[in-house]
Amino acid sequence: MKLRRIWTAGLLGMALATTSLTPAVSQTLTIMKGTANEPLNVPMNRAIVLESDTPFAELSVANPGIADISTLSDKTIYVLGKTPGRTTMTLLTQDGKLISNIEVHVTPDIEEFKERLQQILPGEQIQVRTANDGIVMSGTVSSTAKLDRALDLANRYSPDKVSNLMQVAGTQQVMLKVRFAEMQRSVSKSLSSSLGVRGGTDVAIGGATGGLANAVNNGNNVTLGEGTRGALGLGFTAGSLEFGVLLEALESKGVVRTLAEPNLTALSGQEAKFLAGGEYPIPVASGNGTISIEYKPFGVELNFTPVVVDGDTINLQINAAVSSIDSTTTLESAGFSVNAFKRRETSTTVEMRDGESFAIAGLLQDDFRDLNGQVPWLGDIPILGTLFRSADYQRNQSELVIIVTPHLVTPTRGEALALPTDRVRIPTEKELFLFGQTAGKQRGAAGEVSRQDFSGSYGYTME
């Protein structure tokens, strides 16, 4: 008996030492013989003490990896949760009779998790429950960032076994206003000269570096080449010699402006696409020797994915491109003539608040070309050598700027929205043929707008 008391005291001391390392739940349950016992819920890394009204002689657990058991006396059991899961604990009497089968359910320690959750995310309405061997989270959070923090913390207590039933409050729809502005400027200058000399009827000497065709013709006529611009031709005779002189001087300037302002609305985390342009057919050879047609889009393209991070902070993943058909480069293949494309593209990720703007791209291109051609030796003669030289100067500049502005938006009633077609009514035959009106008169606010002159820019109508 004395030895048994020492052994019992040792087990009790070990239990208290384990409890000091792993805080125990202040809970003691009683096992009644002959009655059905409810499942025993034990938090992971915590302990529960069970008391039996009948002394037991043998104690076993089906899966020691889930719960660890030890006896403190012939009526007291110490149960420690190790791994989330379910197992069964069996108690037998001295003569081998069954006292009880107890289902032990080890769950993640959600009490500690709840405390940490309130410390990290105070004020968030999050409910935490256990289900099977995992954690179920429900409720409402104020932003996507806080939702991610809560899920990350839950995965530390129950890795890969977290069910997310939470919702994000607030506005989760983003309208992106994008402005594409491109300016192209080209300057070209050229200066060339040609000289032709003819003596008799069979001898002709030419020093043409420009576009002079048949510089000296019978009758002292100077014939200019087809398509020649900015040219001055002069023909004269000196004795038996006929002279033809051609001077070409041309300067050209050009400016092109391209502007597009697409507005797109997308749900947070979802992608939206925009294309203003067209599709160009391209022949593609198939495996059986036939030719099929594929279409390549061109124009102003925009793909973006918004994510509402926290409050009015918006994360944007943007792919924007401006492309056009390049008629100066042509490919001949299988009887088809295909043009090349000019394309300016940018891909980036930015973060900003509602209503703020970013210039995400400023693509500047400057091409310069300077050519000088001359007739060998003759072009080096002072003064007179100018007639045997030509110079060509070209410079092309282009600049593309893309500005994005996100807005958090909510739906509105359909009556509050107006279409551009609401401003114009189809005219009657009397209004068209008798009064020459191309649009009928509308009443109300839309009618007031329709009576304005189309020469001014308003709404989405540009001259």
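Residues take their numbers from the sequence shown, with the count starting at 1.
Between the side chain of Q118 and the main chain of E115, no donor-acceptor pair closer than 3.5 Å is present. In terms of modelled atom types and a separation under 3.5 Å, the side chain of E356 and the main chain of R353 share a donor-acceptor contact. A distance-only check finds a donor-acceptor pair linking the side chain of N155 to the backbone of L151 [under 3.5 Å]. Remark: the backbone N or O of Q167 is not paired with any side-chain donor or acceptor of T140 at under 3.5 angstrom. With hydrogens and angles ignored, the 3.5 Å screen pairs a side-chain donor or acceptor of T83 with a backbone N or O of G65. Side-chain atoms of T93 come within 3.5 Å of backbone atoms of K97 as a donor-acceptor pair (strictly under, hydrogens ignored). In this structure, the side chain of T305 does not engage the main chain of Q317 through any donor-acceptor pair within 3.5 Å.
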Would you check, one step at a time, whether the test side chain to side chain donor-acceptor pair (under 3.5 Å) holds for R185 with S398?
CA-CA 6 Å; R185 182 177 63 178; S398 65; over 6 Å; no
Can you check salt bridge (charged side-chain N to carboxylate O under 4.0 Å, His left out) on E279 and K296, steps first, answer last?
CA-CA 5 Å; E279 292 186 339; K296 180 178 179 62; over 6 Å; no
When you look at E351 and T313, which way does the side-chain contact (heavy atoms from CB on, under 4.5 Å) test go after all the steps?
CA-CA 7 Å; E351 190 170 282; T313 303; 3.6 Å; yes
Test log, rule side-chain contact (heavy atoms from CB on, under 4.5 Å), inputs E429 and E431:
CA-CA 5 Å; E429 293 184 357; E431 293 172 336; over 6 Å; no
Report the C-alpha separation of N396 and Q394 in whole Å, then their side-chain angles, then the decisive distance to 0.1 Å, and conclude whether the side chain to side chain donor-acceptor pair (under 3.5 Å) test is met.
CA-CA 7 Å; N396 298 320; Q394 290 185 1; 5.0 Å; no
Check the pair I110, Y157 against side-chain contact (heavy atoms from CB on, under 4.5 Å), reporting the backbone distance first and the verdict last.
CA-CA 8 Å; I110 63 172; Y157 286 86; over 6 Å; no
Show your reasoning for whether side-chain contact (heavy atoms from CB on, under 4.5 Å) applies to M137 and F113.
CA-CA 11 Å; M137 303 179 66; F113 172 55; 3.9 Å; yes
Stepwise ring-ring contact (aromatic ring centres under 6.0 Å, His included) check, Y393 with F368:
CA-CA 8 Å; Y393 166 84; F368 174 80; 5.3 Å; yes
Evaluate the side chain to side chain donor-acceptor pair (under 3.5 Å) criterion for residues T107 and T130: first the C-alpha distance (whole Å), next the side-chain angles of each, then the deciding distance (0.1 Å), finally the verdict.
CA-CA 7 Å; T107 61; T130 59; 4.9 Å; no
Could you please spell out the steps behind the side chain to side chain donor-acceptor pair (under 3.5 Å) verdict for N339 and T330?
CA-CA 4 Å; N339 292 324; T330 305; 3.1 Å; yes
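How far CG of L147 is from CG of N164: 5.0 Å, rounded to the nearest 0.5 Å. Taking CD1 of I99 as the reference point, atom OG of S52 lies at 5.0 Å (rounded to 0.5 Å). Going from atom OG of S158 over to atom CG of L153 covers 11.5 Å, rounded to the nearest 0.5 Å. Note that CG of L50 and CD1 of I102 are 5.5 Å apart. Values are rounded to the nearest 0.5 Å.
Using a 4.5 Å heavy-atom threshold, the side chains of E182 and V322 count as touching. Proximity of P406 to M175: side-chain heavy atoms (C-beta onward) are nowhere separated by under 4.5 Å. I282 is not listed as a side-chain neighbour of I293, based on a closest heavy-atom distance of 4.5 Å or more. Counting only heavy atoms from C-beta outward, the side chains of P427 and F435 never approach each other to under 4.5 Å. Between V404 and K177 there is no side-chain heavy-atom pair separated by less than 4.5 Å. Put simply, the side chain of Q397 does not reach to within 4.5 Å of the side chain of Q365, judged on heavy atoms.
Heavy-atom contacts from other residues, nucleotides or ligands closer than 6.0 Å to CG of D95 number more than 12. Heavy-atom neighbours of Q94 CD from other residues, nucleotides or ligands within 6.0 Å: at or below the threshold of 12. No more than 12 heavy atoms of other residues, nucleotides or ligands lie within 6.0 Å of CZ in R156, so this atom counts as exposed by the packing criterion. For K189, the NZ atom sits in a loose shell: 12 or fewer heavy atoms of surrounding residues, nucleotides or ligands are nearer than 6.0 Å. A 6.0 Å sphere centred on CD of Q127 holds more than 12 heavy atoms belonging to other residues, nucleotides or ligands. With a 6.0 Å radius and a threshold of 12 heavy atoms from other residues, nucleotides or ligands, E271 has its CD atom above the threshold.
The aromatic rings of F341 and Y280 stand perpendicular to each other, their planes meeting at an angle above 60°, with 30° marking the opposite boundary.
Of the options I360, N303, T346, V178, a side chain to side chain contact (heavy atoms under 4.5 Å, CB included) to I318 is made by I360 and by none of the others.
Using modelled atom types, one finds no donor on one side chain facing an acceptor on the other under 3.5 Å when comparing N101 with T88.
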